[in-house]
Every structure is written in C-alpha cells, then in structure tokens.
> 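Handing you a structure now.
Whatever order the structure lists them in is the order used to number ligands and atoms, beginning at 1. Sequential numbering from 1 along the given sequence is applied to the chain's residues.
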Amino acid sequence: MCGIVGYIGPREAIEYLITGLRRLEYRGYDSSGVALLTSERHLTIRKSAGRIDRLEAILGGIPAASVGIGHTRWATHGAPSDINAHPHLGGDGEVAVVHNGVIENFQSLKRRLESDGYKFCSATDTEVIAHLVASCLKLQPPVEDMAAVQYRPLVAVVQAALSQLQGTYGLTVIFRDWPEVLIVARLGSPIVLGVGDGENFIASDASPLAGYTDKIVYLADHEMAVLTADSMRVYHRDAGHVDLQIHTLELKAGDMDMGSYDHYMLKEIFEQPESIENAMRGRLDFDAATAKFGGLNLTPQQLRSMRRIVMTACGTSWHAGMVGEYVFESLARMPVEVEYASELRYKNPPLDDHTLIFALTQSGETADTLAALREMKRKGHPVLGICNVVGSTIAQESDGGVYLRAGPEIGVASTKAFSSQCTVLAMLALYFGRLRHLSFSAGARIIHQLQELPDKVRQALQCSDKVKEVAAKYAHCNNFLYLGRQFNFPTALEGALKLKEISYIHAEGYPAAEMKHGPIALVDKHTPSVFLMPHGQTYDKVMSNVEEIKARGGPVIAIVCEGDREVGRLADDMIEIPAVEEFLQPIITVIPLQLLAYYIAVARGCDIDKPRNLAKSVTVE
Ligand code: AGP
C-alpha cells in the first residue's frame with residue numbers, strides 16, 4: 001500500500017513526482033503530497049486528501065525545485081485527511097519523510113519523542129520516523145563538508161533512527177540543510193531506484209520509471225541508498241557498501257496507457273486473449289507433449305519426488321489457486337491444498353519433506369503472501385512464485401517460478417492476472433502430469449486445447465453487449481448469488497468478489513449444490529443467482545439447482561455453452577460462451593462475470609479502477 005517517489009537532478013522534480021504518483025496511484029489513493037527542496041534550502045510541502053487531481057490543483061505558485069519526494073496513501077494509521085497525508089516533517093522542519101509500511105511500535109516512540117518536546121500534528125505512524133531522524137540528526141556532530149565524506153554521517157543518522165523501529169518501511173528522507181542528497185531505505189516494502197544520466201529516481205515499483213530511464217536497481221531489505229544527482233551508493237545494514245546490480249527495465253511508458261477504453265479494467269478484460277498467449281509463448285513443448293519452463297530451478301527428478309502441493313495466495317490469486325487445485329488433481333493426480341496466505345503464515349501444518357509450495361500473486365508484493373512464503377522457506381520447503389510483476393519481492397525471494405507475462409495490471413480489480421494464473425497452472429499441471437502418469441497422447445491433446453484457448457477467449461468476449469444488457473436489468477439489486485460446481489466453483493467465488501469490489505453489492509459465491517444447505521434462504525425475487533453451467537459432468541445436477549431457485553421465485557442468469565437450449569426454459573437470462581474442456585472452463589466462464597461486474601458498476605456510477613477502501617497491492621498485514 002502507498003506509493004512513494006523521489007527525484008534528484010536537473011529537471012523540475014514536480015514533473016516526475018506527479019507522473020510517478022499517477023502511475024502508483026493504484027497502490028493507494030486516499031490522499032497524496034509532495035515535498036520540494038530548492039537549492040536555497042527551502043522546503044515546500046503540498047498535500048491533500050483525495051486523488052492526485054486535488055494535489056495538482058494546489059501546486060500553483062510552488063518554487064522551481066530539482067529535488068523532491070512524493071507519496072500517494074492508503075491509510076493505515078489515521079484517517080485520510082490533509083494532515084495525515086505524507087510527507088511528514090521532523091523536528092523544526094529539518095527533514096521530510098515519505099513512507100510505505102507500518103511502524104508497529106510507533107505509540108511508545110511517540111510518547112518518548114513527545115516527552116522530549118517533539119510536536120506531532122498527525123495521527124500517522126510515519127511522523128514518528130520524521131521526528132526520530134530529526135532527533136538523531138541533533139546528536140550528529142557538525143560536519144563541514146558532507147559531500148567529501150559521501151554523506152556517511154547522514155546515513156548513520158538515518159540508520160540510528162531506523163534501528164529503533166519495529167515494522168516495515170520503504171521510505172525516503174530529504175534534509176533541509178543538504179538539498180543535494182536523498183536517502184532511501186527498505187525493510188519489507190519495495191523500493192526501486194532509477195539510474196539516470198546526471199539524475200536519479202526513486203519509486204515503489206518500476207512503473208514510474210518507464211520513459212525516464214531503463215536502468216533500475218532493486219533495493220533489498222536492510223539496504224539504504226544515498227542519491228545525489230550524479231551518484232548512487234547502496235549500503236547494507238550489516239555488510240556495508242554493496243555494488244549496484246543494474247537491471248534493464250523492459251516496461252515502456254505506453255504500456256500503461258488506457259488507449260481508447262473508458263477504464264483500465266475494461267482494457268485489461270479485453271487484453272486477455274493476448275495475455276494468455278503471452279503466458280504460453282515458448283512454453284509448450286510439442287515434441288515431448290508437455291510444457292517447459294525456464295526458471296523452476298528444480299530438476300525434473302526433484303519435482304517428481306514432490307508428493308503434495310500447497311498453493312498460497314490472497315484474493316483473486318487465491319481463487320486462481322483453487323482452480324489450480326482442481327486442475328492439478330485432475331491432470332497431475334497430485335494432492336493439492338490451497339491456503340489463504342494470511343492463515344498459512346500463522347499455521348503450523350504438518351507438511352512432509354516432499355511438499356512443494358506455490359505462491360501465487362499478481363503484484364509479487366502482497367505482505368501476507370510474502371510472509372507465508374518466508375515461513376515455508378524457513379521450514380525448508382521449496383517455493384515456486386507464480387508472479388506477474390518482474391523483479392517483485394516474491395519473484396526475487398522464491399526459489400524458482402513462472403512469470404505470468406500479463407503486462408501491467410492497473411485496475412484494482414484483478415482480471416487478466418487471474419486468467420493468466422489459471423493458464424500457467426494448467427501448463428504446470430500438464431508438466432507435472434507428464435512427469436508422472438500422463439501419456440504422450442493425453443499430453444498432446446492438452447497442448448492442443450491450450451493452443452485454442454486465446455481464440456476461445458476472443459469468442460467469449462463477444463458476449464460483452466449481452467452482458468451489458470443483463471447488467472442494466474439487474475444493476476439495482478443489492479444481493480447476488482454466484483453458483484458453480486467443480487472447476488467452476490472457484491470462478492463463482494471470483495465473480496462474487498469482482499462484483500463486491502467494484503460495485504459495492506453484496507455477493508456470495510457458493511458451490512451450486514451447497515446452496516440448499518443455507519444460502520437458499522436468501523433467495524427472493526430481488527436476489528439474482530448467477531449460475532455457471534457450461535457442459536460438463538455436473539451439468540444436470542446444476543440444472544436441478546436452477547429448478548430449486550426458480551421454484552422459490554429467484555431470478556436466474558445462466559452462463560451456458562453456445563447453443564444450449566435446455567436452460568432457456570428456466571433461466572431469466574442466458575449468456576453464451578464457447579465450449580472448452582472442463583479444466584479450462586474457469587478461464588472462459590470468468591469473462592462474462594468480469595464484464596457483469598464491470599457494467600453493473602458503470603451503471604451504478606462507481607469508480608471502477610479505484611474502488612473505495614481498496615488498493616491494488618496490499619503490502620501491510
Ligand atoms: C482482486 O481483484 C483484488 N484486488 C485482490 O483480491 C488481489 O487479488 C489480492 O490482494 C492479491 O493480490 P496479488 O495477486 O497482487 O498478491
């Protein structure tokens with residue numbers, strides 16, 4: 001949560017800060033702010049509750065500055081307000097800080113600093129960091145030429161402050177009296193540095209850097225960096241100075257444009273044929289009738305010795321993990337458990353030595369998933385990360401993994417990441433199956449089915465106009481049920497989550513047959529049930545569930561295979577999708593559900609890409 005940016009160099013800092021904050025707005029958007037430092041040692045702060053537009057509106061008349069920091073917030077401590085927005089000043093304004101993370105011991109530090117005479121304006125944990133740095137600065141003996149000693153005394157000051165914190169941070173500090181330097185530090189919250197020509201950049205992820213530089217450095221936990229316009233030095237808390245590891249940024253500024261779409265979410269829904277194609281590119285091995293992956297970092301022998309898989313994730317990624325459970329059990333005949341990362345991290349499950357962990361995540365930064373990954377690694381289990389964001393913390397900390405290659409997903413509601421995760425899991429299940437019992441001909445058939453998938457998704461997207469009509473009819477309803485069985489049960493959960501997230505309508509996903517054990521009590525003429533019922537082994541059973549809902553006066557929206565005439569006699573509305581093999585159905589059935597949530601939210605005038613109370617990546621516990 002929260003996005004931070006920083007700039008030092010010859011350009012107007014505010015231009016990069018605002019561009020960067022706009023690109024990071026998905027991380028949090030309840031307030032934002034900037035601090036700018038002119039060479040005359042003047043610190044100007046502007047901050048405002050609300051979106052970045054509100055911040056831009058109050059930037060008039062600010063002095064030209066070539067050093068600055070910025071922040072876009074998702075509130076943890078203290079309500080979203082002008083006062084609680086970052087940056088926060090420390091001491092008498094000697095330092096300004098932007099911070100992403102949570103300081104768990106901020107109350108005790110605050111009490112101590114208050115008794116030392118420091119005045120707090122906000123309810124945030126971050127203000128404690130600013131005052132702590134200021135208090136450590138006071139203890140620092142004067143240094144005549146800071147540049148000559150490579151700002152090491154300032155590093156020591158920040159380090160002294162950080163050593164008192166318990167919690168997580170990705171933060172940047174600017175100093176009123178040393179306008180030629182920025183200090184940045186990381187523990188638990190991501191920081192990416194951009195290396196420019198006579199200028200340097202800071203961001204919470206690489207997206208703000210696209211178009212500014214393609215040379216990037218990922219800061220690791222316990223590292224600090226000292227940036228001037230033409231130098232960048234990284235220090236590790238224990239190891240001292242470390243060499244810069246410069247990576248090339250592939251992302252282009254245009255990759256984040258919305259194009260002709262009204263919202264990122266709609267664009268990302270329609271990108272799915274291509275994102276699925278990208279997930280499969282070069283990974284289907286026709287000769288061996290299997291899938292192949294470059295970065296698993298485990299030998300086929302090691303993978304073959306695994307007897308069990310635990311998939312861990314949050315939210316939509318967790319739903320993809322549940323799809324993975326059905327797919328792995330059916331294609332690879334391996335036992336799979338799917339655990340919420342937030343539960344797994346505090347659990348002590350009896351896992352044997354032959355247990356492989358999959359950490360599924362779009363952002364690669366979700367705090368709970370990262371904590372679960374670390375806990376599983378601590379216990380000695382190999383972890384494969386199935387991640388979208390290249391270079392993200394989970395991608396770096398996994399023992400091996402598979403990138404989704406879905407491109408930037410900016411809409412807070414995850415769409416294309418889900419279908420790419422399901423695609424990657426299907427390929428992995430094929431690979432694991434072929435290491436075990438799955439025959440060559442079965443493998444070849446699955447490859448053929450996978451190859452057809454992008455076109456099937458293209459066909460599924462043609463239901464968009466029909467879904468829009470259905471959405472208009474039901475947009476006033478306040479409760480929805482989503483029902484599906486087997487492979488389509490996780491999709492029902494995902495459909496309900498999409499609707500909740502962006503249209504604020506209560507929705508529940510349930511296994512269709514389980515509905516009669518309780519949720520059926522919710523059914524009335526104002527509560528539509530969305531049935532996922534493509535052809536498959538449970539089709540007739542689900543049909544009986546439709547009858548049960550109709551008998552109780554509930555409206556039914558049925559997602560069916562093209563040409564299905566049977567459901568028509570019962571359903572109030574039908575949305576047709578192309579037929580695919582059962583293990584691939586979630587990738588197709590989710591399309592009308594994503595569109596339904598989207599069009600209902602549009603009809604209700606909701607903020608599609610930035611729904612209330614949410615943020616794209618949840619980097620706090
Ligand atoms: C999905 O629409 C949500 N915004 C959310 O549930 C998300 O999937 C979850 O926070 C996990 O994120 P990750 O995939 O980046 O780890």
> Can the ring centres of H247 and Y218 be said to be less than 6.0 Å apart?
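Yes - the distance between ring centres of H247 and Y218 falls below the 6.0 Å cut-off.
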> At a 4.0 Å threshold, what atoms of ligand 1 neighbour a non-hydrogen atom of S363?
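Close to S363: 13 (P), 15 (O), 16 (O).
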> With the side chain counted from C-beta on, respond yes when L428 and I386 share a heavy-atom pair under 4.5 Å apart, and no when they do not.
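Yes, side chains in contact.
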> Select one of side chain, backbone, both or neither to describe which atoms of E501 lie under 4.0 Å from any atom of ligand 1, heavy atoms only.
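E501 to ligand 1: side-chain contact only, backbone stays beyond 4.0 Å.
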> Determine whether S419 and Q272 satisfy the following criterion, side-chain hydrogen bond (donor to acceptor under 3.5 Å, both in side chains), listing intermediate values before the conclusion.
CA-CA 7 Å; S419 52; Q272 289 177 105; 2.7 Å; yes
> Go through the steps to decide whether H319 and F418 satisfy the test ring pair (Phe, Tyr, Trp, His ring centres under 6.0 Å), and finish with yes or no.
CA-CA 8 Å; H319 296 154; F418 174 81; 7.3 Å; no
> For side-chain contact (heavy atoms from CB on, under 4.5 Å), just list the numbers for L360 and L425, CA-CA rounded to whole Å, side-chain angles, deciding distance to a tenth of an Å, and then say yes or no.
CA-CA 10 Å; L360 295 151; L425 287 167; 4.1 Å; yes
> Only heavy atoms of S414, strictly under 4.0 Å: list the atoms of ligand 1 that pass.
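Going through ligand 1 atom by atom, the ones under 4.0 Å from S414 are 1 (C), 2 (O).
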> Just to be sure I'm reading this right: ignoring hydrogens, which of C314, S392, G315 gets closest to atom 11 (C) of ligand 1? Compare them by their nearest heavy atoms.
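Nearest heavy atom to atom 11 (C) of ligand 1 lies in C314.
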> If the cut-off is 4.0 Å to any non-hydrogen atom of A413, which atoms of ligand 1 fall inside it?
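This gives 2 (O) as the contact atoms.
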> Would you say K616 has any N or O atom under 3.5 Å from an N or O of ligand 1, going by distance alone?
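No.
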> How about NZ on K377, more than 12 heavy atoms from neighbouring residues, nucleotides or ligands closer than 6.0 Å, or not?
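Yes, NZ of K377 has more than 12 neighbouring heavy atoms, counting only those of other groups under 6.0 Å.
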> Mind checking whether K498 has an N or O less than 3.5 Å away from an N or O of ligand 1?
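Yes.
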> Which protein non-hydrogen atom lies closest to atom 10 (O) of ligand 1, naming both residue and atom, and how far is it?
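Looking at atom 10 (O) of ligand 1, the protein heavy atom closest to it is V618 CG2, 4.1 Å.
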> Do F489 and Y326 have side chains that get closer than 4.5 Å, going by heavy atoms?
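Yes - at least one pair of side-chain heavy atoms lies under 4.5 Å apart.
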> Considering only the protein, which heavy-atom contact is closest to atom 1 (C) of ligand 1, and what is its distance?
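Its nearest protein heavy-atom neighbour is T316 OG1, 3.1 Å.
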> Please write down residue, atom name and distance for the protein heavy atom closest to atom 16 (O) of ligand 1.
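I find the closest protein heavy atom is T366 OG1, 2.4 Å.
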> I'd like to know if E469 and K473 make a salt bridge, using a cut-off of under 4.0 Å between side-chain N and carboxylate O.
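No, E469 and K473 are not salt-bridged.
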> For ligand 1, is there an N or O atom under 3.5 Å from any N or O atom of L360?
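For ligand 1, there is no N or O atom that lies under 3.5 Å from one belonging to L360.
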> Taking the six-membered ring for Trp, are F328 and F583 ring centroids under 6.0 Å apart?
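When the ring centroids of F328 and F583 are compared, they turn out to be at least 6.0 Å apart.
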> What do you reckon, does Q362 have a nitrogen or oxygen under 3.5 Å from a nitrogen or oxygen of ligand 1?
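Q362 vs ligand 1: N/O contact under 3.5 Å present.
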> Using a strict 4.0 Å cut-off to heavy atoms of S317, name the atoms of ligand 1 that fall inside it.
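Those atoms are 8 (O), 13 (P), 14 (O).
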